[in-house]
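Below is one structure, written out as structure tokens; the observations come after it.
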Amino acid sequence: MPPIFALVDCNNFYASCERVFNPKLDGKPIVVLSNNDGCVVARSNEAKALGIAMGVPEFQIRPLLRAHQVQVFSSNYTLYGDMSQRVMETLEQFCPDLEIYSIDEAFLSLSGFTSRNFTKYGRTIRTTVKRWTGLPVSVGIAETKTLAKIANRVAKRTPDTNGVFDLLACPDRDALLGRVPIEDVWGIGRNLIRLLNQHGIMTALQLREADDQWIRKHLGIVGLRLVMELRGISCLDLEECPAPKQSLTCSRAFGQLISTLVDMEEAVSSYTSRVAEKLRHERLAATVVTVCLTTNEFKEGPQYSNTLTLKLPIATDSTSDLIKSALQGIRTIYREGYRYKKAGVTLTGLVSASQAQADLFDSQDRRKSQRLMSALDAVNDRWGAGTLHYASSGIHKAWKTQFQHRSPAYTTDWTALPIVTA
DNA sequence: TCTGGGGTCCTAGGACCC
DNA sequence: TCTGGGGTCCTAGGACCC
């Protein structure tokens with residue numbers, strides 16, 4: 001049975017989430033900012049129309065934001081994560097063969113469908129998601145994931161598609177692909193655009209017709225796979241069970257620059273707590289800890305950045321163990337005399353927590369540590385992140401991330417429920 | 001004053017071994 | 001004075017994604 005994929009993608013996901021609980025925002029330009037209210041990471045259509053680019057620093061467009069009364073939000077990942085789950089649960093009702101590809105998009109397998117009227121089916125999905133979650137989605141359908149991505153782009157940008165486009169039913173595919181610039185092809189980034197354009201390849205159609213040998217040489221095996229997908233030969237399967245994670249990171253820019261080891265230790269300790277929580281949530285244990293720190297590359301002044309990797313004597317998911325190693329690492333690479341912008345902690349060498357190999361000579365009481373971690377996670381889950389935290393994370397928190405424009409956690413906090421007035 | 005965070009995969013090159 | 005070839009493992013760096 002030849003594969004058929006539908007890609008369902010939420011339109012302007014973060015901006016749309018903000019709008020669901022605040023209908024006054026309908027028709028108004030909205031932007032959502034990254035951590036520390038740094039860059040624009042999501043824009044409503046109205047904001048896009050004002051020429052606000054993805055990733056632009058907020059301070060550079062402040063006059064424009066003010067002039068057009070753009071509604072500005074800090075990112076509210078609790079809200080977006082919960083809304084994402086609602087969308088995915090809705091999609092599962094339509095098609096159990098589902099790959100959650102990112103927070104705002106999922107691939108569905110339509111291979112077994114007897115009806116060939118995929119457009120109609122896509123419309124039903126779209127209408128239902130809108131009704132059940134309040135979020136607008138677009139649906140692209142084709143015989144490979146790469147082509148489904150392109151179909152989705154067409155659905156988003158062409159109003160008369162009504163948000164659904166089936167490439168299989170498209171009478172003139174070549175003409176359509178000839179209008180898609182390569183920068184809109186999934187897997188073609190900044191550097192490959194330059195390379196391909198230099199060789200006269202400007203459109204998805206030209207890329208599809210490119211010479212295999214040349215592609216293999218310059219774009220590698222990944223590029224060749226991509227070209228095959230454009231030709232309608234499916235190389236990327238639906239992955240319903242996500243592969244176990246290979247790494248977990250918590251890295252963040254500080255709310256303000258820091259220049260003491262004490263502040264750095266607090267930040268790293270706090271980031272380690274966070275990544276350790278993720279680790280336990282995934283039921284994994286780590287054998288390698290990597291810490292890094294860096295100054296602000298955008299600023300004048302002495303620059304320094306460094307990374308250090310430490311192997312742990314035993315796989316662990318204990319926050320205490322991980323903080324101990326991370327602090328040892330950060331003390332090693334920390335240098336006086338710099339103003340630091342960012343630090344991070346990465347865990348790798350991940351193994352299943354239940355299979356973590358015990359150390360014969362390990363003197364600690366592992367079970368006690370496990371009970372402590374369970375209690376810690378339970379309290380923070382019930383009463384909010386950071387309710388219980390390690391003293392090494394500090395109280396002062398000069399490094400704390402800033403969110404000046406955060407909306408309420410409408411769906412996950414009883415005190416933030418939206419209030420309906422008659 | 002103000003420039004995000006969290007991932008994956010592939011490749012090249014060095015160390016080491018037989 | 002000669003200095004092959006193949007395999008594995010590891011790391012760093014580069015590419016991409018959202």
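Reminder, nothing fancy here: chain letters follow the sequence lines and each chain counts from 1.
Between A:Gln246 and the phosphate of B:dC9, there is a side-chain N or O to OP1/OP2 separation shorter than 4.0 Å. Phosphate proximity of C:dT11 to A:Lys311: present, with a side-chain N or O under 4.0 Å from OP1 or OP2. Look at A:Asn191 and you won't find any side-chain N or O under 4.0 angstrom from OP1 or OP2 of C:dG14. Within the structure, every side-chain polar atom (N or O) of A:Lys245 is placed at least 4.0 Å from both OP1 and OP2 of B:dG6. Residue A:Lys342 has a polar side-chain atom (N or O) positioned under 4.0 Å from OP1 or OP2 of B:dG5. At the phosphate of B:dG6, OP1 or OP2 sits under 4.0 Å from a side-chain N or O atom of A:Ser251. The shortest distance between the side-chain N/O atoms of A:Lys341 and the OP1/OP2 oxygens of B:dT3 is below 4.0 Å.
With B:dT1, C:dC17, B:dT3 as the candidates, the nucleotide lying closest to the side chain of A:Arg62 is B:dT1. Comparing atom distances between the A:Lys149 side chain and each of C:dC18, B:dG7, B:dG5 picks out C:dC18 as nearest. In this structure, of B:dG7, B:dC10, C:dC18, it is B:dC10 that holds the atom nearest to the side chain of A:Ile221. Taking only side-chain atoms of A:Arg216, from C-beta outward, the nucleotide of C:dC18, B:dT11, B:dG4 with the closest atom is B:dT11. Looking at the side chain of A:Lys278, the nearest of the listed nucleotides B:dT1, B:dG7, B:dG4 is B:dG7. For A:Arg252, whose side chain is taken as the heavy atoms from C-beta onward, the closest listed nucleotide among B:dG5, B:dT3, C:dA15 is B:dG5. Comparing C:dC16, B:dT11, B:dG5 by their closest approach to the side chain of A:Asn35 singles out B:dG5. Among the nucleotides B:dC2, B:dG7, B:dG4, the one closest to any side-chain atom of A:Phe59 is B:dC2. In the set B:dT1, B:dG4, B:dG6, B:dG6 carries the atom at the smallest distance from any side-chain atom of A:Cys250.
Spacing of C1' atoms, B:dG4 relative to C:dC17, comes out at 15 Å, to the nearest Å.
Taking the side chain as every heavy atom from C-beta outward, A:Asn35 and A:Tyr77 approach each other to under 4.5 Å. Residues A:Thr401 and A:Phe403 have side chains in contact (heavy-atom distance under 4.5 Å, counting atoms from C-beta outward).
Relative to the ring axis of A:Phe107, A:Lys145 places its NZ or CZ within 45° and under 6.0 Å from the centre.
Along DNA chain B, the nucleotide nearest A:Asn296 and the nucleotide nearest A:Val222 are compared for position; the residue whose nucleotide lies closer to the 5' end is A:Asn296. Ranked by how close their nearest DNA chain B nucleotide is to the 5' end, A:Thr249 and A:Pro57 are led by A:Pro57.
A salt bridge links A:Asp212 with A:Arg231: the closest approach of a Lys/Arg side-chain nitrogen to an acidic carboxylate oxygen falls below 4.0 angstrom. Salt-bridge check for A:Arg208 with A:Asp174: passed, with a basic side-chain N closer than 4.0 Å to an acidic carboxylate O.
Within 4.0 Å of A:Glu105, counting heavy atoms only, lie sugar-phosphate atoms of the nucleic acid but no base atom.
Using cut-offs of 30° and 60° on the angle between ring planes, the pair A:Tyr121 and A:Phe94 is perpendicular.
Nucleotide C:dG6 forms a pair with B:dC17, judged by Watson-Crick or G-U wobble geometry with both contacts under 3.5 Å.
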